[in-house]
Amino acid sequence: MRRYEPSEIEPKWQAVWEREDLYRADEGHDERPKFYALDMYPYPSGDLHMGHAEAFSGGDAVARFAAVRGHRVLHPIGWDAFGLPAENAAIKRGVAPKEWTHANIDQQRRSFKRMGMSFDWSRQFNSCDPEYYRWTQWLFVKFFERGLAYRKLAPANWCPNDQTVLANEQVVNGACERCGTAVVRKDLTQWFFKITDYAQRLLDDMDTLIDWPERVLTMQRNWIGRSEGAEVEFEIAETGDRVEVFTTRPDTLWGVTFFVFAVEHPLVAKLAAAGASGDAAAELVGRLRATPLTNREQAESREGVRLGVHAVNPVNGEKVPCFVAPYVLMEYGTGAVMGVPAHDQRDFEFARAHGLPIQVVIQPPGQPRESDTMTEAYDHEGVMVNSGPFDGQRSPESIAAVAAWLEEQGRGRAAVTYRLRDWLISRQRYWGAPIPIIHCPEHGEVAVPEEGLPVVLPDDVDFRPGGESPLARHEGFVNAMCPTCGKPARRETDTMDTFVDSSWYYFRYCSPNEESRPFDPEAVRRWMPVDQYTGGVEHAILHLLYSRFFTKVLHDMGMVEFTEPFPRLMNQGQVIYGGASMSKSKGNLVEPMPIVERWGADTVRLTVLFAGPFEDDIDWALIAPDPERPPGVHGWLIRVWKAVNEAVERPGAEEAELLRRAAHRTVKGVTEDLDRFRFNTAISKLMILTNAMRAALDAGEDARAAAGLLVQMLAPLAPFIAEELWREVLGNPASVHLRPWPSFDPELAREERVTLIVQVDGRVRDRVEVDADAGADACREAALTSENARKAIGDRRVVREVVRPPKLVNLVTADR
RNA sequence: GCCGGGAUGGUGGAACUGGUAGACACGCGGGUCUCAAAAACCCGUGGGCGCAAGCCCGUGAGGGUUCGACUCCCUCUCCCGGCACCA
């Protein structure tokens, strides 16, 4: 028997598969159902890391399993090739971003092949390829034409380290998601996608995503942040200005005792002047406008300045003082808030800090609150008081009633507000898709016409960051002609957020060589939506929300029929080391490729899949503590190797009934497990079958049939060893990866003898072997004749017999 | 604070709709082989008592429902993730 040598057999089969073109997606229109298995396309950062190994091992098992179960599988791969690291690496090492990116792609492609991933390489593309970003730009133009891409001056998140703006989604705890630098606030004119137009649909359609992890849905719901309430119009007594506020509690309107504007609110300067309180207000506004947004949000300050004017409460005509204060944010609602200190904690603290009256208008039943003795706001339900026509109404129900009443009176209306803000897509960096817009002195923002696409990113650019877009320094790029009038104009020099690239790449895979459109709608109809999407939770909001948005826009453009791109999503856990995320700087980095070289790709794949449920984190330090020793599953592969070889070399006279049954039971169990992506339990069942084969072989029985089934079931998980055993040892002419998945005989998969548990008063007292089809009578009989059970019963009387054939009998006695 | 998810041997984890808790592994202990070691193979391995048969305890803590609870309900503790002046 040969030794198991992964370093020999793995490269061999990789080459054979490539020659046989085994994984090319079949566009044939045969009966087989399609299956689109998609892994989030990776950023080419250098070489594969352990996170890739885990995610792609799972995705590959899904794709291979679907293929052998009779699907036409599309399992593509490509590269998220634009982005800051390329530019930063280039600045540091003086290599052009393009060269750096392509070198990394080559390296990672080699590694993916070495890992045995069943990708259809013929569909590969890079998002930095002009043939791809041409269509990213084309889509931008379509968004622009539909009013979904627009430019505005707005306070933006600026990362001083990366020298670019960031989307809200890319700011984590006030810091840049990428580099961790504290983000500062900067007023800039930037391009946005109007994702807020789709807020409600993004929320509603989540009900159809039943196969998404709950936490991802929760995160998206929180991010969209729908809240229901009412808009109410207040008038400024001194100036007659009308100001809208949004409130979730219109039922507390009679409790308003002051009114607050955000620092950025457009009326503040005018009102401060009208109220003759100029200096103090101007000082506060000036100081806060200079303070980074995030610092301000974290301050939880209750400071504020009186504007000297008053707002008229539309429900009772009362005049209340107006303030400007940092605790009101321009970014949410209308940038102005009615102050109800009795029923909102922030308003309560503000009122106490500024000596403002507190008016209770919601009373909890039983324990009435009084403005003088309250120590905190009461924000639960209760009965409305001091509220004119609404006195006596119960508060949760009264919210809608008050909103309807406001509408009748013409002073407001029921309204919905979202936390979600428009997606800021412009970046002041070089390595991205140029925004295809020309600024004409006469015609303003003009989209580059289709013939002008792609707007090619020039190579000869000084891309060192300097606060403005590097492209702005490139004369040849900047100077353009207005597509409308032909006069000299200026090209837009910002590039797009790379999340724009990744918002539609999965459409491109369906027809990657399409030259006249981003994708062929016919091909998309054939393959999409994606049947199984695999990737990390870090994209729970960013990429997945943007992609859902894009799909809905494409739907509205009539380009696709569906509205959700990824009906099924699975998130792999992270691979960590010693309880902490792996990193070079921490010195705890374990890279997959050296392990692949030493122990084999199959060992790496099985190690990550066997470690636990796919979505759980894996601590490599616990799974493979000694780098000099092979991970545990390697030993199993050796046992499989030996067992299959022995089965062929020393065929027995007759296959043992026991082994045949074990094999069929395994087919049943592994099929169910793989259907539900439970790789760890599937592998465990294959191990049990291997152990059963060992026992049969040691008893001199024939195990060839079981060997064949074992190898077939191993194929999606450990494709190399399965192929070697299938073709070279078992002598099959064609690939195991083309062989239809085995079926099982339900009669054989059934256990024929089972252990009947005999309990007395709920405690296990005996185990008895019975036929699997034993009836209630036989089970009761077996239990009552059990020596151990009789002993446990003693002289007590059995008052109840719980019989659940053929698994359990519980004898319940008196005196308990 | 709000929302979501967890807590099972020395370790990773298993237990499908309430019915043998700890499958399968790793580790550890013992053994076979060997001059020796590694590898490989075999046996054992939740805790306690016992020569044994067996008994008691045991799924974060406490309570409840049930013939029977890791699983369902209530209260609490801790851990992880997300959101957080969102009006």
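Model, not experiment: these values are computed from the prediction. Numbered from 1 within each chain, the chains take letters A, B, ... in sequence-line order.
- Residue contacts shown for A:P613 are limited to sugar-phosphate atoms, with no base heavy atom under 4.0 Å away.
- Taking the ring centroids of A:F258 and A:H354, they lie at or beyond the 6.0 Å cut-off.
- For the pair A:R804 CZ and B:U20 P, the interatomic distance rounds to 13 Å; values are reported in whole Å.
- Look at the P atom in both B:C67 and B:C16: the space between them is 22 Å, to the nearest Å.
- One C1' atom belongs to B:U75, the other to B:U65, and the distance between them is 15 Å to the nearest Å.
- Comparing B:G5 with B:G58, their P atoms are spaced 29 Å from each other, to the whole Å.
- For A:R678, taking side-chain heavy atoms from C-beta onward, the closest of the listed nucleotides B:C28, B:A14, B:A87 is B:A14.
- Here, B:G62 and B:U71 have their P atoms 13 Å apart, quoted to the whole Å.
- Summarising the geometry, the separation between CZ on A:R421 and P on B:C83 is reported as 13 Å, rounded to the nearest angstrom.
- To the nearest whole angstrom, the two P atoms, one in B:C2 and one in B:C55, are 48 Å apart.
- Shown here, B:G9 is classed syn by the O4'-C1'-N9-C4 or O4'-C1'-N1-C2 angle, which is within 90° of 0.
- If you measure from atom CD1 of A:I623 to atom C1' of B:C24, you get 12 Å, rounded to the nearest angstrom.
- Remark: P of B:C41 and CH2 of A:W636 are 14 Å apart, rounded to the nearest angstrom.
- Taking atom C1' in both B:C49 and B:G81, one finds a spacing of 44 Å when rounded to whole Å.
- Distance, A:F261 CZ to B:A87 C1': 14 Å, rounded to whole Å.
- With hydrogens and angles left out, the side chain of A:R215 and the base of B:C3 share no donor-acceptor pair within 3.5 Å.
- Put simply, CZ on A:R765 is 5 Å from P on B:C55, counting in whole angstrom units.
- In this structure, CG of A:L217 is placed 11 Å from P of B:G5, rounded to the nearest angstrom.
- A:G225 comes within 4.0 angstrom of nothing in the nucleic acid, heavy atoms only.
- Remark on RNA chain B: of its neighbouring residues A:G612 and A:D344, the 5'-side contact belongs to A:G612, judged by nearest-heavy-atom nucleotide.
- In terms of position on RNA chain B, the residue among A:N222 and A:R639 whose nearest nucleotide sits closer to the 5' end is A:R639.
- Annotation: B:G31 and B:A38 have their P atoms spaced 13 Å apart (nearest Å).
- The separation between A:D761 atom CG and B:C67 atom P is 12 Å, rounded to whole Å.
- The side chain of A:I688 sits closest to B:C24 out of B:C24, B:C86, B:C67.
- Going from the C1' atom of B:C80 to that of B:C33 covers 48 Å, rounded to whole Å.
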